[in-house]
Amino acid sequence: MSKLQPVRGTRDIFGEDARRMAHVRRTFARVAETYGFDEIATPVFEFTEVFKRTLGDTSDVVTKEMYTFEDRSGDEITLRPEMTAGVARAYLSNGMAAQGTVRLYGHGPMFRHERPQKGRYRQFHQIDAEIIGDPSPQADIELLAMAWQLLTELGLAQATVLHVNTLGDPESRQSYRAALVDYFSQHKDRLSDDSRTRLERNPLRILDSKDAGDRALVEDAPRFADHLTPAAVAFFETVCAGLGRLGIPYTYDQRLVRGLDYYAHTAFEFITTALGAQGTVLAGGRYDGLIEQMGGPSTPGVGWAAGIERLGLLLDQAPEPARPVFLIPMGEPAADRAQVIARDLRARGVRLEVDYRGNLKKRLNRANRRAARWAVILGDDELAEGGASLRDLDSGEQRRVALDDLAAVLLADTAGQTGH
RNA sequence: GCGGGCGUAGCUCAACCGGUUAGAGCGCUGGUUUGUGGUACCAGAGGUUGGGGGUUCAAGUCCCCUCGCUCGCCCCA
């Protein structure tokens with residue numbers, strides 16, 4: 001069982017899983033286009049620098065989760081652990097600043113070397129949306145509106161809760177961070193081990209610790225709200241008002257944080273309780289400092305990403321496979337004709353499978369198992385008169401149809417169901 | 001990276017306090033039937049019981065290691 005197994009944390013996606021994920025992707029693409037986003041596909045690997053600079057040297061993702069290697073020419077390469085860094089790099093590489101604000105969406109595999117769990121893989125897939133170049137809270141609102149519409153169309157809006165918080169502007173953050181460090185340092189002895197390291201590396205993270213002792217301390221910790229500048233407050237209130245106006249339910253969650261310095265203002269997560277410890281299904285926020293940190297001009301940005309597997313897992317039922325037409329030629333001459341007939345029908349858009357083997361009973365049986373809608377039976381009798389027997393596999397009705405009319409008849413019926 | 005649970009056919013599961021050729025259902029292939037389905041009957045293929053080592057007259061069953069899956073922690077989609 002060692003050789004023919006996929007690498008830990010990776011898996012083959014087919015059948016129902018593939019259908020669930022395709023449904024998520026297609027729904028997302030449609031909604032994103034509707035909001036005026038253009039598709040972008042960036043490479044699945046980048047120079048390691050790209051992620052190191054944006055994620056910071058101390059984040060968990062960089063220190064212990066990246067798939068990093070040296071390629072044959074000696075370059076340090078990393079499989080992308082998330083999409084934003086690559087998109088930001090593409091924005092700079094292609095001089096997109098000249099276009100003004102850009103709205104980009106994309107999807108694809110991401111890689112993190114973590115312990116797999118339900119809804120968590122080492123290769124997983126995300127959909128991603130970014131608005132780069134727009135400093136206004138309107139951009140945040142649109143992005144959230146789009147996320148909400150996506151979840152609604154997937155039937156998941158009720159299954160998730162939107163948590164929002166503000167991380168303020170840089171001044172707010174610095175002031176708050178200092179206050180937090182000060183406070184927790186005084187109670188260092190009561191902090192959990194994990195949180196003691198957080199205090200060094202990423203003090204905001206202590207706020208969402210799951211440790212009971214930490215939580216007690218957090219109760220009395222300084223509040224971000226008390227350290228926000230008036231401008232930061234105004235920004236956040238605009239976002240919240242927008243959510244209210246659009247009828248998007250949310251809860252203000254002061255413990256929702258992002259560790260890295262380039263984040264600013266809005267942070268949000270859509271959370272479900274249906275996936276165990278992997279409750280976050282779609283998350284994002286504003287990253288006004290990121291592009292500058294990467295070496296570009298100061299450029300605002302907001303975005304979010306969602307796990308396709310997680311969304312797919314939450315769909316209460318998988319999309320049904322499309323129902324094909326089953327072409328059944330009986331005998332050699334019919335089989336020869338069937339090749340041409342099949343090609344012509346497919347060229348006109350009929351979803352068609354041909355079954356050449358076994359007696360009619362067996363073949364109709366297979367047609368059932370493939371959930372075929374129609375069986376087209378082609379035998380000597382039919383061929384003699386240039387027609388075929390068309391059998392409705394739901395009702396059992398059967399009639400003769402001229403070969404020339406076949407495509408029209410089948411397309412008239414399947415038009416409504418071959419969608420997806 | 002740390003801790004708990006679990007590994008028997010493609011899938012879901014049997015196999016007593018260790019006991020001799022590891023079974024069943026579903027699925028798959030063929031037949032009853034080159035021409036009418038969702039049913040039936042018959043037959044067949046498919047297992048190094050995840051892998052390795054140990055204890056024993058004897059291991060799917062007990063012990064150790066390892067790999068994989070799974071749940072939680074860290075972190076995150």
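Proteins get letters first, then strands, A, B, ... in listed order; numbering begins at 1 in each. Values below: every heavy atom of this structure, side chains too, minus hydrogens, waters and symmetry copies. Note that the structure is predicted; figures quoted are calculated from it, not measured.
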Enumerate, in order of first residue number, the stems that involve RNA chain B, defined as 3 or more consecutive Watson-Crick or G-U wobble pairs with both distances under 3.5 Å.
->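 If one scans RNA chain B for consecutive Watson-Crick or G-U pairs, the stems found are B:1-7 with B:67-73, B:10-13 with B:23-26, B:28-32 with B:40-44, B:50-54 with B:62-66.
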Heavy atoms under 4.0 Å, any strand shown: does [X] hit a base, just sugar-phosphate, or nothing?
X         : result
Arg357(A) : sugar-phosphate
Gly312(A) : nothing
Arg198(A) : sugar-phosphate

Taking the ring of [Y] and the ring of [X], is the distance between their centroids below 6.0 Å?
X         : Y         : answer
Phe28(A)  : Trp304(A) : yes
Tyr263(A) : Tyr287(A) : no
Phe236(A) : Tyr252(A) : yes

Where the side chain of Arg366(A) is defined as all heavy atoms beyond and including C-beta, which of G68(B), A77(B), U29(B) is the nearest nucleotide?
->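 For Arg366(A), the side-chain atoms sit closest to U29(B).
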Taking only the side-chain heavy atoms of Gln117(A) (C-beta and beyond), determine which of U29(B), A77(B), C71(B) contains the nearest atom.
->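 Of the candidates, C71(B) comes closest.
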Pick the C1' atom in G18(B) and in C57(B), then give their distance to the nearest Å.
->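 12 Å, rounded to whole Å.
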Span that lies between the C1' atom of U48(B) and that of G60(B), in whole angstrom |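 The answer is 13 Å between these two C1' atoms.
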Whole Å only: how far is the CZ atom of Phe268(A) from the P atom of C76(B)?
->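 Distance check: Phe268(A) CZ to C76(B) P gives 16 Å.
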If you pin Thr10(A) and Tyr121(A) to their nearest nucleotides in RNA chain B, which one's is more 5'?
->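 Closest to the 5' end, via its nearest nucleotide, is Thr10(A).
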Please work out which of the three classes, parallel, tilted or perpendicular, describes the rings of Phe270(A) and Trp148(A), given edges at 30° and 60°.
->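 If you compare the ring of Trp148(A) with that of Phe270(A), the planes turn out parallel.
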Could you pull out the protein-nucleic contacts involving nucleotides 35-38 of chain B (nitrogen or oxygen on both sides, under 3.5 Å)?
from   : atom 1 : to        : atom 2 : distance (Å)
G35(B) : O6     : Asp380(A) : N      : 3.1
G35(B) : O6     : Asp381(A) : N      : 3.4
G35(B) : O6     : Glu382(A) : OE1    : 3.0
G35(B) : N1     : Glu382(A) : OE1    : 2.9
G35(B) : N1     : Glu382(A) : OE2    : 3.0
G35(B) : N2     : Glu382(A) : OE2    : 2.7
U36(B) : O2     : Arg391(A) : NE     : 3.4
U36(B) : O2     : Arg391(A) : NH1    : 3.0
U36(B) : O2     : Gln398(A) : OE1    : 3.1
U36(B) : N3     : Gln398(A) : OE1    : 3.1
U36(B) : N3     : Gln398(A) : NE2    : 3.0
U36(B) : O4     : Gln398(A) : NE2    : 2.9
G37(B) : O2'    : Asn368(A) : ND2    : 2.5
G37(B) : N7     : Arg391(A) : NE     : 3.4
G37(B) : N7     : Arg391(A) : NH2    : 2.8
G37(B) : O6     : Gly396(A) : N      : 3.3
G37(B) : N1     : Leu393(A) : O      : 2.5
G37(B) : N2     : Asn368(A) : OD1    : 2.5
G37(B) : N2     : Leu393(A) : O      : 2.6
G37(B) : N3     : Asn368(A) : OD1    : 2.9
G37(B) : N3     : Asn368(A) : ND2    : 3.2
G38(B) : O4'    : Asn368(A) : ND2    : 3.2
G38(B) : N1     : Leu393(A) : O      : 3.0

Heavy-atom protein contacts under 4.0 Å, nucleotides 2-11 of chain B, coded B base, S sugar-phosphate only, - none = BB--------
Below 4.0 Å: OP1/OP2 of C76(B) and any side-chain N or O of Arg205(A) |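 Yes, such a contact exists.
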Ignoring backbone atoms, establish whether Arg310(A) has a side-chain N or O less than 4.0 Å from OP1 or OP2 of C76(B).
->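 Arg310(A) to C76(B) OP1/OP2: no side-chain N or O under 4.0 Å.
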All ring pair (Phe, Tyr, Trp, His ring centres under 6.0 Å) counterparts of Tyr183(A), not counting sequence neighbours |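 With neighbours one apart ignored, the set is His187(A).
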Going by distance alone, is a donor N or O of one side chain under 3.5 Å from an acceptor N or O of the other, for Glu114(A) and Tyr121(A)?
->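 No.
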Quick one: side chains of residues 398-409 of chain A, donor-acceptor pairs under 3.5 Å with protein atoms, not counting sequence neighbours, listed by atom name and distance.
from      : atom 1 : to        : atom 2 : distance (Å)
Gln398(A) : OE1    : Arg391(A) : NH1    : 2.6
Arg400(A) : NE     : Ser389(A) : OG     : 3.2
Arg400(A) : NH1    : Glu385(A) : OE1    : 3.2
Arg400(A) : NH1    : Glu385(A) : OE2    : 3.1

Any residue meeting side chain to side chain donor-acceptor pair (under 3.5 Å) with Glu39(A), in chain and number order, not counting sequence neighbours |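 Partners of Glu39(A) by the side chain to side chain donor-acceptor pair (under 3.5 Å) criterion come out as none, since no residue qualifies.
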